[in-house]
4 protein chains.
Amino acid sequence: MDLKDSQAEPTGAVTRKSIGARRNPASQEAILDAAEAVLNEGGVAGFSIEAVAKKARAGKPTIYRWWPNRTALMLDVYRRFKNERPFPDTGSLRADLVAFLDNQLLGFWHNSLAATVYRALIAEAQTDQAAADALYAYQEGRKAVVIQIIEKAKLRGECAPEVNSELIVDLIVSYAWHQLLLGRVEAAMGTIEAVVDSVLHGALNSTTR
Amino acid sequence: MDLKDSQAEPTGAVTRKSIGARRNPASQEAILDAAEAVLNEGGVAGFSIEAVAKKARAGKPTIYRWWPNRTALMLDVYRRFKNERPFPDTGSLRADLVAFLDNQLLGFWHNSLAATVYRALIAEAQTDQAAADALYAYQEGRKAVVIQIIEKAKLRGECAPEVNSELIVDLIVSYAWHQLLLGRVEAAMGTIEAVVDSVLHGALNSTTR
Amino acid sequence: MDLKDSQAEPTGAVTRKSIGARRNPASQEAILDAAEAVLNEGGVAGFSIEAVAKKARAGKPTIYRWWPNRTALMLDVYRRFKNERPFPDTGSLRADLVAFLDNQLLGFWHNSLAATVYRALIAEAQTDQAAADALYAYQEGRKAVVIQIIEKAKLRGECAPEVNSELIVDLIVSYAWHQLLLGRVEAAMGTIEAVVDSVLHGALNSTTR
Amino acid sequence: MDLKDSQAEPTGAVTRKSIGARRNPASQEAILDAAEAVLNEGGVAGFSIEAVAKKARAGKPTIYRWWPNRTALMLDVYRRFKNERPFPDTGSLRADLVAFLDNQLLGFWHNSLAATVYRALIAEAQTDQAAADALYAYQEGRKAVVIQIIEKAKLRGECAPEVNSELIVDLIVSYAWHQLLLGRVEAAMGTIEAVVDSVLHGALNSTTR
DNA sequence: GCGTAACCGAGACGGTACGTCGGGTCTTCCG
DNA sequence: CGGAAGACCCGACGTACCGTCTCGGTTACGC
């Protein structure tokens, strides 16, 4: 957001030449910047390799050389957003799950281009198996961190030992996806604590258990 | 599934003429049949108005006359699948939720063209606001039934009164969507009971509450 | 040459719609006009389907629908030039051959876009067998007329009966091609009579025969 | 035709390193060999600098360093074919012209890669002025030899003194070009003597002169 | 009972974007 | 400095669909 102003519009002065028989990082940056800008301006529709190439002042073959399809490019754009906000592990499972849902999912998507990109990625994955695989792999990595946190909570005795950690994470991630895909991220921000409490306490009447 | 064999392949003999200044039901049927067939053969990708028109031996304007865009057409295709399987209300919340997840969601999608269509619809909704609205409205109607069931469980004392019914339904629907969108419906079939139990009992260690 | 002014530059007002499920002559005219204009402006290099489509305000698929490749399009452009100048048959073989070389070949190419197009066609035929075939067929038709004239001269006794008429025509056409391909049409204009005389009288010293 | 076997297919073992700050003849040979091979395999179409570079295991800049464009490279390829077959000067104009047409032109092109290269050169010259100039110069040199022979025939009294020698040569060369460009070299082989006789005796009925 | 309005199949139209190919330039790294 | 390598920008290729349009023909309805 700070140094891509020159590529935001093709000014004619930013032409990048080859720097020899190796990948030119400036071009890759410019392409990712342009992809981001295109998504920002035109939304998911209107995202095309052609538009990105034009905005980046790059040739289409240069894009196809490094990203096999638009999905891969979008995934890279998304990865650049990967916030490095601290993921606390506070010692409280509830606080951790709230932070997960807030910082890493809904809150990360809220008011952010990231939501647009991720929605597009999921849409793409419905059509393109490669996209689906990439998305799945990416997501498994994200989930693993939270699974570890739940396992720690089990050791602390905070969490029931028979609980399937992955299932818990899935429930939370699923909820976030669902709201994202229905365009209800903002509304869902207010439900974060209620969701976590639901997942933690369950629906049954504890007096009757 | 029973009377569309003749349109499955354009045999040349099925040409439908106009029946006057009114909608020809045969054409509409043929178009929906063709749309279904195209989805069956080519998956979500490969679904194009052009392909449907060709398969249905219909003109493109005939399609556009009755469905404003491909999303509307797909939604109609999906509606034809709307299963009328009994939705029991057995008196047991757990059994009802399992049935919901099984009959209405994952099990309905399992081994079915419905999954393909629904995935496509969700993908479409990411781009097309009209699709998103239609999808949202459709889904709200489906959720309402289950919300009522939970409310009944509250009255029975089976479910805690402070529970947000919609949230519970959302958790279950979200889980199903998530698995659908990742192409993991089959695998998810085996987790149905675990999911319902998770939602019902929560993750916390009940001995420490 | 008379009614294509509006298409010469895309003015925005000339958009041609479909006129139903059949070829739109206006589009074909506009495309040929545009092709001619592109050749006029950019020469043979710079002639691209893309440029023609842009200039004609036509979609590329519309061009490809009717002309399988750029060669076919160029050939059609050339055909439009086919001058309908009278081809005399004056009763004098020499005068007729001079007129052929002058009106139909070198003179036709002189100071004309036709030369550019024909050179490009010949060049294209070296690469593309379809172009070669089309060119050959076109040329055979043109030659046939002159062969008939020579045959008449034979009947008049003006031409030796053992002469191979086609060979005579070939010599003259070949000479014209050669000069065209070397870009020497203008210079060759001055040699027309000498060439015809050479072909008619031969090189041998008649006193020694 | 004898030492280029190793470059015919890039075997991986033939990489030529630099030999210091001067032109590496092996590379030049390899490039010409590769160009020839590419022409042989893919014909005129399919001849690209890229293909030659790949086949020769050379970098594109190495080619561009020594040949300004593809035309120059093709011209060099053609020059390597310059046959040194004896050009007789038998003392008979007819025999000499037949030999010229046979040995140097049609017969040289017959069943030969030379035809392919020469056709490509002519095609290139239609687009590229430099190619046209080079081709013209090359051809003038070839013609000069035959012009001398005709001049000798004039001195012998065999040829009419008022005849334009260059024109005679042009007629013959033109005929050969024409047949070459239409891909009719083989068929034209059988017309060689008839052509020469036509040029020598002319078409007019000698009894009426 | 006859004109007309709306439907139907068909397919051309102007477009946008796709993913690929090759052109000619440039730069690095190695010898 | 020569040469291999290959990335770079660019422009054109030929294809697939989009959504619109007009056609010629076919009923059924309303005047």
Side-chain angles (χ1 to χ4, degrees), chain A residues 15-24 26-28 46-51 53-54 56-66 68-70, chain B residues 15-24 26-27 46-51 53-54 56-66 68-70, chain C residues 15-24 26-28 46-51 53-54 56-66 68-70, chain D residues 15-24 26-28 31 46-51 53-54 56-66 68-70:
Chain A
T15 315
R16 296 166 306 278
K17 302 288 179 59
S18 165
I19 58 169
R22 68 200 209 284
R23 186 167 186 167
N24 184 345
S27 281
Q28 315 312 314
F47 180 82
S48 70
I49 296 288
E50 201 125 23
K54 196 174 178 183
R57 302 187 69 79
K60 276 200 289 178
T62 301
I63 298 183
Y64 281 107
R65 188 167 8 246
W66 301 112
N69 47 53
R70 36 179 280 162
Chain B
T15 314
R16 297 167 306 279
K17 302 286 179 62
S18 167
I19 58 169
R22 66 199 210 287
R23 186 168 185 166
N24 183 343
S27 281
F47 179 82
S48 69
I49 296 288
E50 206 128 45
K54 196 174 178 184
R57 305 185 69 79
K60 280 201 287 178
T62 303
I63 298 182
Y64 281 108
R65 189 164 8 243
W66 302 112
N69 46 53
R70 38 180 279 160
Chain C
T15 314
R16 298 165 305 279
K17 303 287 179 61
S18 165
I19 57 169
R22 65 199 211 284
R23 186 167 186 167
N24 183 345
S27 281
Q28 315 312 314
F47 180 81
S48 69
I49 296 287
E50 200 125 21
K54 196 174 176 182
R57 303 186 69 79
K60 277 200 288 178
T62 301
I63 299 183
Y64 281 108
R65 186 163 14 242
W66 300 112
N69 47 53
R70 34 178 281 160
Chain D
T15 313
R16 296 167 306 283
K17 300 290 178 61
S18 167
I19 58 170
R22 63 201 161 62
R23 185 167 185 166
N24 184 344
S27 281
Q28 317 312 314
I31 288 167
F47 180 82
S48 69
I49 295 288
E50 206 129 44
K54 195 174 177 184
R57 303 186 69 79
K60 278 201 288 178
T62 303
I63 298 182
Y64 281 109
R65 185 159 18 238
W66 301 111
N69 45 53
R70 36 179 281 160

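All values below come from the heavy atoms of this structure, side chains included, with hydrogens, waters and symmetry mates left out. Every chain is numbered from 1, with letters handed out A, B, ... down the list of sequences.
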Nearest-Å distance for atom pair [atom1]/[atom2], residues [X] and [N]:
X: D:F47; N: E:dC21; atom1: CZ; atom2: P; value: 19 Å
X: C:R57; N: E:dT16; atom1: CZ; atom2: C1'; value: 15 Å
X: C:I63; N: F:dA12; atom1: CD1; atom2: P; value: 13 Å
X: D:K54; N: F:dG3; atom1: NZ; atom2: P; value: 22 Å
X: C:Y64; N: E:dA12; atom1: OH; atom2: P; value: 18 Å

### Message
Could you check whether any side-chain N or O of A:R70 sits under 3.5 Å from a backbone N or O of A:F47, counting only pairs where one atom can act as donor and the other as acceptor?
### Response
yes
### Message
Strictly distance-based, threshold 3.5 Å: is any side-chain N or O of C:N24 a donor or acceptor partner for the main-chain N or O of C:R16?
### Response
no
For [X] and [N], is the shortest distance between a side-chain N/O and OP1 or OP2 below 4.0 Å?
X: B:S27; N: E:dG9; result: yes
X: C:Q28; N: E:dC13; result: yes
X: C:W66; N: E:dC13; result: yes
X: C:R16; N: E:dG14; result: yes

N/O-N/O pairs, protein side and nucleotides 25-31 of chain F side, under 3.5 Å:
residue: F:dT26; atom: O2; partner: B:S18; partner atom: OG; Å: 3.3

### Query
In terms of the nearest nucleotide of DNA chain F, which residue is placed more toward the 5' end: B:P68 or C:N69?
C:N69
### Task
For A:G46 and for D:G46, find the nucleotide of DNA chain E with the closest heavy atom, then tell me which residue's nucleotide is more 5'.
A:G46
### Message
If you assign each of A:E50 and C:N24 to its closest nucleotide in DNA chain E, which residue comes earlier from the 5' end?
### Response
C:N24
Spacing of [X] atom [atom1] and [Y] atom [atom2] [to the nearest 0.5 Å]:
X: D:I31; Y: D:I63; atom1: CD1; atom2: CD1; result: 4.5 Å
X: D:S48; Y: D:K60; atom1: OG; atom2: NZ; result: 8.5 Å
X: B:R57; Y: B:T62; atom1: CZ; atom2: OG1; result: 13.0 Å

Check every atom of [options] against the side chain of [X] and return the nucleotide holding the closest atom.
X: C:K60; options: E:dG22, F:dC13, E:dC26; value: F:dC13
X: B:I49; options: F:dC13, F:dC18, E:dG9; value: F:dC18
X: B:R65; options: F:dC8, E:dG22, E:dC8; value: E:dC8
X: C:P61; options: F:dA16, F:dG14, F:dT20; value: F:dA16

### Task
Check whether any side-chain heavy atom of D:Y64 sits under 4.5 Å from a side-chain heavy atom of D:I49, and report yes or no.
yes
### Task
Check every strand shown and say whether D:R70 touches a base, only sugar-phosphate, or nothing at a heavy-atom separation below 4.0 Å.
sugar-phosphate
### Task
Using a 4.0 Å heavy-atom cut-off across all strands, classify C:T62 as base, sugar-phosphate, or nothing.
base
### Query
Which atoms form the tightest heavy-atom contact between D:G46 and D:A51, and what is the distance?
O-CB, 4.2 Å
### Query
Under the criterion side chain to side chain contact (heavy atoms under 4.5 Å, CB included), which of C:R23, C:K17, C:R22 is the partner of C:I19?
C:R22
